[in-house]
Amino acid sequence: MSHGLNIAQQEAVNYLQGPCLVLAGAGSGKTRVITHKIGRLIQTGLKPDQVAAITFTNKAAAEMRERAKALIGRQAKGVLICTFHALGVRMLRQDGQALGLKQQFSILDSDDVTGIIKEAGGSTDMATARQWQWIISGWKNKGLNAAQAQAQASGDEDLLIAQVMARYEERLSAYQAVDFDDLISLPLKLLQEHEDVRLKWQQTLHHVLVDEYQDTNATQYEMLKLMVGERGRFTAVGDDDQSIYGWRGATLDNLKRLPQDFPTLKLVKLEQNYRSTSAILRAANNVIGPNPKLFPKTLFSELGEGEPVRVIDCDSEEHEADRTVARIQSLRAGELLTSAGAQFKDWKDFCILYRANHMAKPFEKALRRAQIPYKVSGGQSFFDRAEIKDLCGWMRLMVNNNDDPAFLRAVTTPKRGIGHTTLGTLGTFASQFKLSLFESLFSNSLGSVLPAKAVGSLHEFGRYLNDLQYRAQHTIGAAAAKVYLLDWLKEIDYEKHLYDGEDSEKVAAARWNNVLEFCDWMSKRCGGEIEDASGATVEKERKTMLEVVQTIALLSTISEREGDQDVVTLSTLHAAKGLEWPHVVLAGVNEGLLPFKLDDDDGINTDSIELRLQEERRLMYVGITRAQRTLAVNWLRRRKKGRDTIAGTPSRFIAEMALDQNTIKQSPLEKIKALRAEFAQRAADGVKAQSLAEAQYNDKAK
DNA sequence: TTTAACAAATTTTTT
DNA sequence: ATTTGTTAAA
């Protein structure tokens, strides 16, 4: 099992006795180590289902499963490879009853959560609701419940939010629903308070591998500790330089504490990079250099110097997109390369990375104009689309009648003469009698608070839902599911609803297409026959529709086979972690974007500016190290900010890359430095950057 | 009371 | 440019 591994990798794979921490630098083959170690564990006699590998994203889990399958064959199927959250769902479905959670609980997406918090807060607007949601989530990730949050609250606002949190939690349990944070904190509670459950999981899982360990938060670490128990049979793989989820509660403390909590911890460092050229790696090392080191390591590459890193200055977002498209086309034609070597001519060899989702738009436009196929990953997911959320609302309500957010969505789509006034009264009625909205539909005293007409429409809706529910229980397998779904859509006349709601026929058609795709996907998931990678037909476990619906909230992507599409990738830096491309363009590397504006303390972010800067630097590092052969770094002279345009300054990280003078053709390093100094001076003088940009622009016009 | 049309305001990163 | 709150018509 150790063929093709270097010494350090072998060491990590073969150490099975106890806790093991693998410090894996970027591109050092950490997925390889994990998959080989899974194989090794099975080779030494463990059954596949005694091994678990936990990843951070669904995508990473999918890839891991793929790689494991390639290495050890069909046995990989039995290995539990999933995200922390998916593992949490599994635990709660199996043993959640011990916490008073019924098996058919709902998982709320973050929009649902915002809505509930808004309600729980009384008269709060959307923006503050989001802020509070953020803060509450932060508390939950630290393992605090509402009462504890109240106890540690500092200041009136914290106290108020803690009270809202208490009401929010009440509602969740009334709805029999959980949010994303609960998927970690509730299983943790389960393991803490129920010894039988804890022992069961400890006996089941003989070895747990954790990928991207640096991104775990406090509750995840506690959960891991309880899962592996005293014996501490686990392998944590991570890189402190790639920790970019601090804003989500991830903490490097977990890395620091590991050697203390497990004194027998075996430490292995992977320092050879197999991904990038020396030129790229040097830039990466220079950027990360100023950050304090938890475990010092020196990455090296044997792939040779390679192409110099390019810095490209652009006039605007549109200009940047055009230049980037031109660059991609040139590279595909074999131009721009100073040295011969393997060329990468497929669209899928190219990737454009940026800080924030909305930055994808200009690139999408330019790529479409140039007729280059592309995909946007890590943006708005398929399941965030309004039409899909409509359908999921119906299904969630079918699975869990107490799911009030789902009720509200379903009852109003399509419009059936029930509006907010009726729903408002229904809502107060329901909370008065401590019923869910759906339950109160059938209450006898409903007629005393609502006009007969409204009661009639509500009853009709309720009866229809019961009917749907009944049919869903008897619908098993892909073919039946498909018929069921299409019948349902016809009955509620959803297609008409889409065309009515959209003034552009094209958009409506696209939405309807999404709906059909969703039905297709749903029915496939219901099992029966499914084609696997090789096109062979594989029998999958058959599931009822209800079972499938429950897992939807966790998924972010619908296409399971996106790897083999030959398309250019657009992605956020965060979503790009763990991935690599021959040619990478980092877009919008400006002060204020990357690093993101660090100045204003809005009171939400408790971390110091220095800590936040360090995380931004790691983000830049992650971006640079995605590249295998060529890397271009763009910055904007003028960029849009809200409605108006402001002057752009190159990111300090560009200077920190310490590129060779002569490698910066378009924009010499000195020029960047001078420009930055100039802007800094102006800012100090109190001159608004905007007016400076105006002046520059006018100069150019002359 | 519902629904459609209109005005206003809002952009970090993900499960 | 999209999405939320507001107002007017049905």
Side-chain angles (χ1 to χ4, degrees), chain A residues 54-61 82-89 107-111 113-115 118 125-127 129-130 134 137 140-141 178-185 212 215-217 219-220 243-250 353-362 364-365 377-381 383-386 412-425 450-451 453-454 457 497 500-503 507 551-557 571-577 588 592-598 602 604-605 612 615-616 618-620 622-623 639-643:
Chain A
I54 302 175
T55 61
F56 210 62
T57 62
N58 292 306
K59 203 195 243 170
C82 64
T83 63
F84 259 110
H85 292 82
L87 177 64
V89 173
I107 302 167
L108 300 178
D109 69 39
S110 81
D111 283 344
V113 173
T114 319
K118 198 178 155 195
D125 60 28
M126 212 67 184
R130 286 239 167 77
W134 187 257
S137 170
K140 282 186 152 193
N141 280 326
V178 299
D179 62 24
F180 283 129
D181 303 318
D182 288 332
L183 292 179
I184 308 300
S185 64
E212 306 284 11
D215 287 324
T216 53
N217 63 33
T219 46
Q220 286 164 338
S243 163
I244 54 175
Y245 283 90
W247 49 274
R248 220 176 89 179
L353 296 174
Y354 38 81
R355 177 64 212 259
N357 282 310
H358 68 264
M359 293 162 74
K361 282 201 188 96
E364 287 190 70
K365 267 190 200 148
S377 84
Q380 188 204 28
S381 92
F383 293 96
D384 285 337
R385 297 222 166 91
T412 50
T413 43
K415 303 273 182 281
R416 49 170 52 69
I418 301 168
H420 53 258
T421 322
T422 307
L423 289 174
T425 3
L450 277 171
K453 192 172 147 240
S457 327
H497 165 79
D500 287 349
E502 207 63 58
D503 24 44
V507 178
T551 57
I552 287 179
L554 278 181
L555 300 170
S556 51
T557 169
S571 169
T572 63
L573 287 161
H574 284 87
K577 198 171 59 157
L593 288 173
L594 184 67
F596 197 75
K597 62 174 170 160
L598 298 157
D602 40 16
I604 296 181
N605 208 325
R612 277 156 65 192
E615 179 149 321
E616 296 293 316
R618 291 193 291 262
L619 195 54
M620 179 74 182
V622 167
R639 68 184 174 92
K640 291 195 185 70
K641 192 185 181 191
R643 230 183 302 284

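Values below: every heavy atom of this structure, side chains too, minus hydrogens, waters and symmetry copies. Values in this document were obtained by computation on a predicted structure and should not be read as measured data. A, B, ... follow the sequence lines: proteins, then strands. Residue 1 opens every chain.
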Could you list the protein-to-nucleotides 4-6 of chain B atom pairs, N/O on both sides, closer than 3.5 Å?
none

To the nearest Å, how far apart are [X] [atom1] and [N] [atom2]?
| X | N | atom1 | atom2 | value |
| --- | --- | --- | --- | --- |
| A/W247 | B/dT11 | CH2 | P | 16 Å |
| A/H358 | B/dT14 | NE2 | P | 13 Å |
| A/N357 | C/dA1 | CG | P | 17 Å |
| A/L573 | B/dT13 | CG | P | 11 Å |
| A/W134 | B/dT15 | CH2 | P | 13 Å |
| A/L87 | B/dT15 | CG | C1' | 13 Å |
| A/Y245 | B/dT15 | OH | C1' | 9 Å |
| A/L183 | B/dT15 | CG | C1' | 8 Å |

For A/T216, check side chain to side chain contact (heavy atoms under 4.5 Å, CB included) against everything at least two apart and list the hits.
A/F84, A/V210, A/Y213, A/Q220, A/N254
Residues that A/T57 engages under side chain to side chain contact (heavy atoms under 4.5 Å, CB included), provided they are two or more places apart
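So A/T57 forms a side chain to side chain contact (heavy atoms under 4.5 Å, CB included) with A/K59, A/A60.
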Side-chain heavy-atom pair A/L183, A/I107 within 4.5 angstrom cut-off
yes
Close side-chain approach of A/H574 and A/W247, heavy atoms under 4.5 Å:
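A side-chain contact under 4.5 Å exists here.
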What closest approach, in Å, do [X] and [Y] show between heavy atoms, and which atom pair accounts for it?
| X | Y | answer |
| --- | --- | --- |
| A/S571 | A/A576 | OG-N, 3.7 Å |
| A/T425 | A/L450 | OG1-CD2, 3.4 Å |
| A/T572 | A/A356 | CG2-C, 4.4 Å |

Taking it one step at a time, do A/E616 and A/L594 satisfy side-chain contact (heavy atoms from CB on, under 4.5 Å)?
CA-CA 7 Å; A/E616 296 293 316; A/L594 184 67; 3.9 Å; yes
Start at the 5' end of DNA chain B and walk down; is the nucleotide closest to A/R416 or to A/H574 reached first?
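Nearest nucleotide further toward 5': that of A/R416.
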Please tell me which of A/L423 and A/L619 maps to the more 5' nucleotide of DNA chain B, matching each residue to the nucleotide holding its nearest heavy atom.
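Checking each residue's closest nucleotide, the 5'-ward one belongs to A/L423.
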Short N/O separations, protein against nucleotides 7-10 of chain B, under 3.5 angstrom:
{"residue": "B/dT10", "atom": "O4", "partner": "A/R643", "partner atom": "NH1", "Å": "3.1"}

Could you pull out the protein-nucleic contacts involving nucleotides 4-6 of chain C (nitrogen or oxygen on both sides, under 3.5 Å)?
{"residue": "C/dG5", "atom": "OP1", "partner": "A/K118", "partner atom": "NZ", "Å": "2.8"}

Checking side-chain contact (heavy atoms from CB on, under 4.5 Å) for the pair A/I54/A/L87: CA distance, chi angles, key distance, verdict?
CA-CA 8 Å; A/I54 302 175; A/L87 177 64; 3.7 Å; yes
Please report the interatomic distance CD1(A/I184) to OG1(A/T219), rounded to the nearest 0.5 Å.
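A/I184 CD1 to A/T219 OG1: 6.0 Å, rounded to 0.5 Å.
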Respond yes when some side-chain nitrogen or oxygen of A/T422 is under 4.0 Å from OP1 or OP2 of B/dT1, and no when none is.
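Answer is no, no contact under 4.0 Å.
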Going by an N to O cut-off under 4.0 Å, is there a salt bridge joining A/R618 and A/E615?
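Yes, this pair counts.
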Classify the nucleic acid contact of A/S110 as base, sugar-phosphate or nothing, counting any heavy atom under 4.0 Å across all strands shown.
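Here A/S110 touches no strand at all.
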Who passes salt bridge (Lys or Arg N to Asp or Glu O under 4.0 Å) against A/D181, sequence neighbours left out?
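A/D181: no salt bridge (Lys or Arg N to Asp or Glu O under 4.0 Å) contacts found.
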